[in-house]
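Being a predicted model, the structure only gives us computed values, none of them experimental. Start at 1 and go down the list; that is how both ligands and their atoms are numbered. All values below come from the heavy atoms of this structure, side chains included, with hydrogens, waters and symmetry mates left out.
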Amino acid sequence: MSRMQDRVVAVTGAGKGIGRGIAKVFAAHGARVLIVDLDGANAAETVKAIEAAGGTAAALEADVTRAEDRQRIPAEALDRYGALDVLCSNVGIFPSARIEAMSEDDWDKVQTLNLKSAFLVVQTCLPALKKSKHGRIVLTSSITGPITGYAGWAHYGASKAGMLGFMRSAAIEFAPMGITINAVLPGNIRTEGLTGIGDDYLRTMERAIPMGRLGTPEDIGNAALFLASDEAAYITGQTIVVDGGQTLPESIDAMQ
Ligand code: NAP
């Protein structure tokens, strides 16, 4: 029996990148996965990849900032598969803006998508998760904000640290419901979103990572899988850093 056999998992932002990696890992372990993404064609591509590997998935084109679209996440999971056991709230953007030049709109866009929509997606899925005997929520936060800083990402870091503040109180509220909520903190993961920043950034990052490589979306998927598994039933309100050791060195010299 696979670890996630027949569990129903919704992953937001799963049309590419980390979300796609999470979806593929859960599907490879027997889950039926709802692929939620702004871009329906990308969501369908993720479904195709999962089905080609023998898994089960369905695409849902949805914008998590829109209430009517969020409602469709648990509705579609229940209609199609009869349950919702695991929510992976993964959607996020990481535009760059220095504080001196950052507009209120720059700030609000990042908080609205990264932080507010995570709260709202969790809240929307809660009634369905309460009915599951294995209710699990896994948030995709980041090392940026909770642990590290990066010029240009003050708004992003605030949103990712904010997710953890939300998570800790949510864990207390959800414990009596039999639902756990935890977060994965990725380091630098090779995704379409990250490679868009440019080769210089990627090369600098590789040099800063003790393991000498960027992470893969599947590296994050494996951590999310553990947090959603029966083995993690007694873990809630916690974080797992998946960064190839990037946050460990005190300086570049510390790696020599
Ligand atoms: P990505 O490659 O840009 O993928 C994000 C996906 O989310 C895209 O398919 C995007 O669709 C979708 N999306 C954007 N806005 C949406 C909305 N309103 N509703 C539904 N879907 C939406 O990003 P990623 O690198 O995989 O990052 C995923 C998560 O990991 C984010 O929360 C990010 O902050 C976090 N993270 C990433 C890294 C990294 O190194 N990559 C490190 C730490 C944390 P469109 O392309 O159509 O916009």
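- Of the candidates Gly196, Ser159, Ser142, Ala41, the one placing a heavy atom closest to atom 43 (C) of ligand 1 is Ser142.
- For atom 41 (N) of ligand 1, the nearest non-hydrogen atom from the set Leu214, Ile189, Val184 belongs to Ile189.
- With respect to atom 46 (O) of ligand 1, the closest heavy atom belonging to the protein is Lys16 NZ, 2.9 Å.
- A distance-only check finds no donor-acceptor pair linking the side chain of Gln246 to the backbone of Ala208 [under 3.5 Å].
- Contacts of Ala62 with ligand 1, taken as heavy-atom pairs under 4.0 Å, involve the backbone alone.
- Residue contacts with ligand 1, taken as heavy atom pairs separated by less than 4.0 Å, do not involve Arg190 at all.
- Remark: ligand 1 atoms within the under-4.0 Å shell around heavy atoms of Gly187 are 38 (C), 40 (O), 42 (C), 43 (C).
- Here the heavy atom of the protein found nearest to atom 48 (O) of ligand 1 is Leu38 CD2, 4.0 Å.
- In terms of protein heavy atoms, atom 5 (C) of ligand 1 is closest to Gly13 O, 4.2 Å.
- With Ser169 contributing its side chain and Phe166 its backbone, the two residues share no donor-acceptor pair below 3.5 Å.
- Residue Asn90 places at least one N or O, backbone or side chain, under 3.5 Å from an N or O of ligand 1.
- The proximity of Ser141 to ligand 1, defined as any non-hydrogen pair under 4.0 Å, is limited to the backbone.
- Geometrically, ligand 1 and Val36 share no nitrogen or oxygen pair separated by less than 3.5 Å.
- Inclusion of Leu113 in the set of residues having an N or O under 3.5 Å from an N or O of ligand 1 is not warranted.
- The shortest non-hydrogen separation linking Ile93 to Tyr156 is O-CD1, 3.2 Å.
- When only non-hydrogen protein atoms are considered, atom 2 (O) of ligand 1 lies nearest to Gly193 N, 3.0 Å.
- Residue contact check: Asp39 has heavy atoms under 4.0 Å from atoms 47 (O) of ligand 1.
- In terms of polar-atom proximity, defined here as any N/O pair under 3.5 Å, Tyr156 does make such a contact with ligand 1.
- At least one heavy atom of Val91 sits closer than 4.0 Å to an atom of ligand 1.
- The nearest protein atom to atom 27 (O) of ligand 1, hydrogens excluded, is given as Phe94 CE2, 3.9 Å; this is a heavy-atom distance.
- Within the 4.5 Å cutoff, the side chain of Ile22 has no heavy atoms near those of the Val25 side chain.
- Every heavy atom of Ser117 sits 4.0 Å or more from the atoms of ligand 1.
- Heavy-atom contacts of Lys160 reach the following atoms of ligand 1: 31 (C), 32 (O), 33 (C), 34 (O) (cutoff under 4.0 Å).
- Between the Asp69 side chain and the Asp63 main chain, a donor and an acceptor come within less than 3.5 Å of each other.
- Considering each of Ile18, Leu194, Ile220, the one bringing a non-hydrogen atom nearest atom 38 (C) of ligand 1 is Ile18.
- No side-chain donor-acceptor contact under 3.5 Å links Asp253 and Ser251.
- Of the possible donor and acceptor atoms, one in the side chain of Arg136 sits under 3.5 Å from a partner among the backbone N and O of Ser229.
- Proximity of a side-chain donor or acceptor of Asn90 to a complementary backbone N or O of Thr12 within less than 3.5 Å is detected.
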Practice problem: Could you walk me through whether Tyr150 and Tyr201 pass the ring-ring contact (aromatic ring centres under 6.0 Å, His included) test, one step at a time? | Solution: CA-CA 12 Å; Tyr150 200 102; Tyr201 174 88; 5.8 Å; yes
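- Residues Ile181 and Thr236 meet the side-chain proximity criterion, which asks for heavy atoms closer than 4.5 Å.
- Among all non-hydrogen protein atoms, the one lying nearest atom 35 (C) of ligand 1 is Thr140 CG2, 3.7 Å.
- Proximity of a side-chain donor or acceptor of Ser132 to a complementary backbone N or O of His134 within less than 3.5 Å is detected.
- The nearest protein atom to atom 25 (O) of ligand 1, hydrogens excluded, is given as Thr191 OG1, 2.6 Å; this is a heavy-atom distance.
- In this structure, Val91 and Leu113 have side chains that are in contact, with non-hydrogen atoms separated by less than 4.5 Å.
- Arg32 contributes a side-chain N or O that, together with a main-chain N or O of Asp6, makes up a donor-acceptor pair within less than 3.5 Å.
- Judged by distance alone, the side chain of Glu192 and the main-chain N or O of Gly17 form a donor-acceptor pair under 3.5 Å.
- Residue-to-ligand polar distances keep Asn188 apart from ligand 1: every N/O pair is separated by 3.5 Å or more.
- Without hydrogens or angle criteria, Asn182 side chain to Ile235 main chain gives a donor-acceptor distance under 3.5 Å.
- Taking atom 11 (O) of ligand 1 as the reference point, the nearest protein heavy-atom neighbour is Asp37 OD1, 3.1 Å.
- Between Asp63 and ligand 1, at least one pair of N/O atoms sits closer than 3.5 Å.
- Polar contact with ligand 1: present for Val64 (N/O pair, distance under 3.5 Å).
- The Gly92 neighbourhood of ligand 1 comprises atoms 31 (C), 32 (O), with distances under 4.0 Å to a heavy atom of that residue.
- A donor-acceptor pair is defined here as one N or O able to donate and one able to accept, closer than 3.5 Å; no such pair exists between the side chain of Thr191 and the backbone of Ile18.
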